[in-house]
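Contents: one structure, followed by commentary.
Just so you know, ligand 1 is whichever comes first in the structure, and atom 1 is the first atom listed for that ligand. By convention here, the first residue in the shown sequence is residue 1.
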Amino acid sequence: MEKQFSGGKILWLVTGDITRVPADAIVNAANAALRGGGGVDGAIHRAGGPVIMQELDQIRAAQGGCPTGSAVVTSAGALPARFVFHAAGPIYRGGGQGEAALLASCYSTCLRLAEERDLRVVSFPSISTGAYGYPLEEAAAIAVDTVCRHIERDQTRVREVIFVLFDQGTHDAYARALQRLQPAVE
Ligand code: AR6
C-alpha cells in the first residue's frame, strides 16, 4: 500500500525484514541503554555486523545511553543503507506515562536526523509494538500520522518513507491507520 504526496513524495507500507530493504537510513527500535537486544534490534546488529555496536559503545562512552523518545546515529555496516538511526521507543505502561508523545518523538526525531543529513529515503519498523508492548492500533496511528505530517511539508528533503512491517497483522494495522487519514473517495 502507498500514499502519494505533492512533489512525488511517497509513503510505502510493505511487509518484510527491514534489514533487506535498501534505504539511506534504516531506523532501529532500540533501547535507551543502546546495548542491543532481540526483535528488530537483534536483526539489525546481526545483518549489519560488529561495527554498529562498536559505534554505539563510543556513543555510550560519550553521552551515556539515548533518552527515550530520541535517537542516535551510527553507520550501517553491511546493511543496504548509509546510516542506522537507533530510536529508543517507550515501554508501554498503560498510556498515562507520556508514551504517545514519546513514540511520536521517535519518528519526528529520526525524520529530523534525515533532514540534517540531506537523506532521501528512510525506513521504519513498528517501534515499541513488540517487546515494549505498545497497543498496535494506537502505535500505528501515531506512526502514520507523525510521518505523514512531516512528509507533506513543502520544505522536506525526504522523498520516500518506507514502513517495513514484519507480519501481516502489523501491516494491516498500519494500512487501517493510513486509510483513516485518506479522503474517503479517491
Ligand atoms: N524487520 C522489521 N520488523 C521487525 C523485524 C525485522 N527484521 N524483526 C522484528 N520486527 P521489537 P520494541 C518487528 O520487539 O517493541 C529489543 O530487544 C516486530 O515484529 O523489535 O520497540 C530492543 O533492544 C515488531 O512488530 O521492538 C529493545 O530492548 C516491531 O518490529 C526492545 O526490544 C518492534 O518489535 C524494543 O522493543
Legend entry - Spatial distance of atom CD (Gln63) from atom CD1 (Ile59) [nearest 0.5 Å]: 6.0 Å
Legend entry - Top protein contact for atom 13 (C) of ligand 1, by heavy-atom distance: Phe166 CB, 3.7 Å
Inset, instruction - Heavy-atom contacts with Ser126 under 4.0 Å: which atoms of ligand 1 show up? List them by number with element. - result: 29 (C), 33 (C)
Legend entry - Residue and atom name of the nearest protein heavy atom (relative to atom 20 (O) of ligand 1), distance in Å to one decimal: Val40 N, 2.8 Å
Inset, instruction - Classify the contact between Ala131 and ligand 1 as side chain, backbone, both or neither, using a heavy-atom distance cut-off of under 4.0 Å. - result: both
Legend entry - Closest protein heavy atom to atom 23 (O) of ligand 1, given as residue, atom name and distance to 0.1 Å: Asp41 OD2, 2.6 Å
Legend entry - Element-labelled atoms of ligand 1 that are located less than 4.0 Å from some non-hydrogen atom of Ala43: 7 (N)
Inset, instruction - Identify, by atom number and element, the atoms of ligand 1 in contact range of Ala29, meaning under 4.0 Å from any of its heavy atoms. - result: 21 (O), 22 (C), 26 (O), 35 (C)
Inset, instruction - Output yes when a side-chain donor or acceptor of Arg117 lies under 3.5 Å from a complementary backbone atom of Asp24, and no otherwise. - result: no
Inset, instruction - Check ligand 1 against Asn31 and write out every atom of the ligand that is under 4.0 Å from a heavy-atom position of the residue. - result: 22 (C), 23 (O), 27 (C), 28 (O)
Legend entry - Polar contact flag for Pro125 and ligand 1 (N/O pairs, less than 3.5 Å): no
Legend entry - Atoms of ligand 1 close to Gly39 [distance to a heavy atom under 4.0 angstrom, numbered from 1]: 8 (N), 9 (C), 20 (O)
Legend entry - Residue Gly37 vicinity, atoms of ligand 1 by number, heavy atom under 4.0 Å: 17 (O), 23 (O)
Legend entry - Donor-acceptor pair, side chain of Lys3 and main chain of Gln179, under 3.5 angstrom: no
Inset, instruction - Determine, using heavy atoms of Gly16 and all atoms of ligand 1, whether some pair is separated by less than 4.0 Å. - result: yes
Legend entry - Charged N-O contact under 4.0 Å between Glu137 and Arg176: yes
Legend entry - Contact atoms of ligand 1, heavy-atom distance to Asp17 under 4.0 Å: 1 (N), 6 (C), 7 (N)
Legend entry - Option with minimal heavy-atom separation from atom 21 (O) of ligand 1, where the choices are Gly133, Gly89, Ser128, Gly130: Ser128
Inset, instruction - Go through ligand 1 atom by atom and flag the ones less than 4.0 Å from a non-hydrogen atom of Gly36. - result: 23 (O)
Inset, instruction - Kindly identify the option in Val164, Ile91, Thr129 whose heavy atom sits closest to atom 25 (O) of ligand 1. - result: Thr129
Inset, instruction - For atom 17 (O) of ligand 1, find the nearest protein heavy atom and state the residue, atom name and distance (0.1 Å precision). - result: Gly38 N, 2.8 Å
